[in-house]
Amino acid sequence: MIRITLPDDSIREFENPPSGMDIALSISEGFARNCIAMEIDGLLKDLNTSVDKDANVRLLTPKDTESIEILRHSAAHVMAEAILRLYPEARLTIGPVVENGFYYDIDMQSISEEDFPKIEAEIQAIIKEKKPFIRKEMTRNEARERFKDEPYKLEIIDSLEGDIFSLYEQGGFIDLCRGPHLPHTGHIKAIKLMRVSGAYWRADQSRQQLQRIYGTAFFDKKDLKAYLTLLEEARKRDHRKLGVQLDLFSFHDEAPGMPFFHAKGMAVWNALLEYWREAHRDAGYVETKTPIMLNRVLWEKSGHWENYRENMYTSRVDEMEYAIKPMNCPGGMLLFGMKPHSYKDLPHRAGEIGLVHRHEMSGALSGLFRVRAFHQDDAHIFMTPEQIQQEILGVLQLVDRVYATFGLDFHLELSTRPEKSIGSDAQWEQATSGLRSALDAYGKGYQVNEGDGAFYGPKIDIHIKDAIGRTWQCGTIQLDMALPERFDLSYIGKDNEKHRPIMIHRVIYGSIERFFGILTEHFAGKFPLWLAPVQIMLLPMNDDLIPATEALKKELTAEGLRVEVDTRSESLKKKVRDAQLLQIPLMVTIGAKEIETKTFAVRTLDGRVIMGMERSSFLEKVREHIRRRSLSPEIFKD
RNA sequence: GCCAACGUAGCUCAGCUGGCCAGAGCGGCUGACUUGUAAUCAGCGGGUCGGGGGUUCGAAUCCCUUCGUUGGCUCCA
């Protein structure tokens, strides 16, 4: 007698060891049709696994969160089978599930997206056959024999421990796999190949280049459609596209990977920095600036010459070797090291909007998201060990304040000591527990990435979530136990002895260029009033009103507002349309009436028009909206 | 750096199984219209078809090479 406990704590008894399907059938036939896998005492298994002892069993249907991964994993097998049918000489390597889909790395001839339709047709044929996934187990020797013509599979087998290997077979296709899988291929209701790219076997450049074919799969065609719609939405928001449309920035062959910011882009940039300075002043920071080029001696001292050389631009001037800084820290170290410090001066918070250059691989470049020259909103904080918790907490609060201003939610990740690291156990313990207790005190919760810290210290990464749910790592707080040592930094403690300060690097925007790009996509180009490149577009009703409108522009500009006049001899409709397309938050129509009564006819981006607004009240509300850095599109609500 | 795709007017794109003067829409300019909230009409300019080399009677179209862009690998702000 086998007793199966279901999630609702009900118990079902079976004479013989039941499979998941048997259990599902004991509930209802419709439910059973829907089940795709099961969980036995917390372990995911195939639905046809026999439960041979009393156990807690959960039957999975497409609604369960784990199900989609099982589906995609199975989809990867189906894709692999389809490819082998079409390209018998192909050799499979690995085919994991990734966010939003799956891929399979295959050693085969180069293919392109044009080959997708025929592969997809083959996949559909396999799905239609509703082939069951059958699990088999083999010993190491049997597995090696079975895959003797599959060099990559052999290498995988040899790299794994244990003596029993599981394989899954559907139709004539068999693959080494841990499982679990769907009951049969027919459960794959929606599948689509997304793209193909190169990848190296075991991510090693010196090894075989493979074809990585990406696909995605869903239980419902509607879900696939929704996913494709999201991709479409992301494409519409692409900052590279909006950057051209809104005249914000550009790239030129003469400086690949190094953005040029246009006047309108700089308006946004300056608004970002103005806010940054305000927030940092409030948080007790001073601002510094260090040169972008420093000599080799400095970089040898900091360790960059040894560890970061291949990413640095170097130059020889007057027989002296220089490097353009890839990071701001060494300059910051020099500044702190200039004069003695008392414990009473700590913590010392020095911010720097530092321009750094890093020679990224050409293939890594991508719009403003990955560039070779960028500005970091850096800061170096020097403190006593006792101050770690309080200081980190202060940074977290600043992070909170800044991201909230943009309507960005975020989560935190703590990375701890990696295998290769410098510093003593005690130092790491003190540093890590300092970060941990700051995170605990902050109370937002965080994820721990064991062993993911930098070699010179643990760190906290801040991941923001944008308007369409994508996450980006921007801010980071890194504790550095190496540089104060290398630069022999010290402060005089209460005991009148020299002590080594604790130092952190931290950024909040991260790279201003990248943050700019993220914000552009987050807002879909519809920047809030305080950030908008052009805040007000004045629309004269006819050409005779242009001089009067230009005079108004002058007045509004003097108020610190970013204003333009549409002087074209176009219809009002046309001028309104073009201002809308440029996502300008305020359109102010100037007709004879407005001049006469000293009022404004104001239109906001949501299409609402308010006629006859007193100029003083317009100004007051606009100023207040900007001062509060409000995100609301309703500038004249009430 | 590697793999793949792409590069035609300021922008978006057509032409690309080689062959009439390389096209369209938008933008720009000129003129008319003088407009009350998402495209007024007409006319006119504008292109080394990314650069270089080659095949060919003939190349935007085919080949080689180079630069750049995009998607990945990798790396990371």
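No experiment lies behind these values; they were computed from the predicted model shown. Lettering of chains follows the sequences in order, A, B, ..., and the numbering in each one begins at 1. The analysis underlying the following values was restricted to heavy atoms, covering all of them including side chains, and did not include hydrogens, waters or symmetry mates.
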[M] and [N], which share atom name [atom1], separated by this distance in whole Å:
N     : M     : atom1 : value
B:A59 : B:C20 : C1'   : 16 Å
B:U8  : B:C33 : C1'   : 36 Å
B:A5  : B:A42 : C1'   : 42 Å
B:U70 : B:G15 : C1'   : 23 Å
B:C49 : B:G7  : C1'   : 10 Å
B:G54 : B:C41 : P     : 49 Å
B:U74 : B:U12 : C1'   : 33 Å
B:C11 : B:U69 : P     : 15 Å

Using only modelled atom types and a 3.5 angstrom limit, is any donor from either the side chain of [X] or the base of [N] paired with an acceptor on the other?
X      : N     : result
A:E360 : B:A77 : yes
A:R370 : B:C75 : yes
A:S571 : B:U40 : no
A:E594 : B:G36 : yes
A:R212 : B:A4  : no
A:D543 : B:U34 : yes

Find the distance [X]:[atom1] to [N]:[atom2] and express it as a whole number of Å.
X      : N     : atom1 : atom2 : value
A:I213 : B:C3  : CD1   : P     : 17 Å
A:R568 : B:C26 : CZ    : C1'   : 12 Å
A:R372 : B:C67 : CZ    : C1'   : 12 Å
A:R577 : B:U40 : CZ    : P     : 9 Å
A:E310 : B:C76 : CD    : P     : 10 Å
A:H375 : B:A77 : NE2   : P     : 18 Å
A:D566 : B:G27 : CG    : C1'   : 13 Å

Looking at every strand, decide which applies to [X] at a 4.0 Å heavy-atom threshold: base, sugar-phosphate, or nothing.
X      : result
A:Y214 : sugar-phosphate
A:K593 : base
A:G367 : sugar-phosphate
A:A601 : base
A:L365 : sugar-phosphate
A:V356 : nothing

For the aromatic rings, using the six-membered ring if either is Trp, is the centroid distance between A:H463 and A:F410 under 6.0 Å? no
Among the nucleotides [options], which one has an atom lying closest to any side-chain atom of [X]?
X      : options             : value
A:E570 : B:A77, B:U40, B:A38 : B:U40
A:M611 : B:U34, B:U37, B:A38 : B:U37
A:R358 : B:A77, B:U69, B:U74 : B:A77

Of A:H252 and A:M541, the one whose closest nucleotide on RNA chain B sits nearer the 5' end is A:M541
Sorted by position of nearest nucleotide on RNA chain B, 5' first, the leading residue of A:N311 and A:G591 is A:G591
Check: If you measure from the ring centre of A:F374 to the centre of the six-membered ring in the base of B:A77, is it under 5.5 Å, with the planes under 30° apart?
Finding: yes
- Do the rings of A:F369 and A:H239 sit parallel, tilted or perpendicular, given the 30° and 60° boundaries? tilted
Is the ring pair A:Y285/A:H280 parallel, tilted or perpendicular, if the boundaries are 30 and 60 degrees? perpendicular
query: Taking 4.0 angstrom as the limit, do A:D105 and A:R212 come out as a salt bridge?
result: yes
| message | Tell me whether the NZ or CZ atom of A:R372 lies within the 45° cone about the ring axis of A:Y313 and under 6.0 Å from its centre. | response | no
From the list A:W276, A:Y275, A:F406, A:W472, ring pair (Phe, Tyr, Trp, His ring centres under 6.0 Å) partner of A:F515 resolves to A:F406
In A:F374, A:F261, A:Y509, the residue satisfying ring pair (Phe, Tyr, Trp, His ring centres under 6.0 Å) with A:F516 is A:F261
Query raised in the report: Under 4.0 Å: is that the gap between some side-chain N or O of A:S366 and OP1 or OP2 of B:G71?
Result: yes
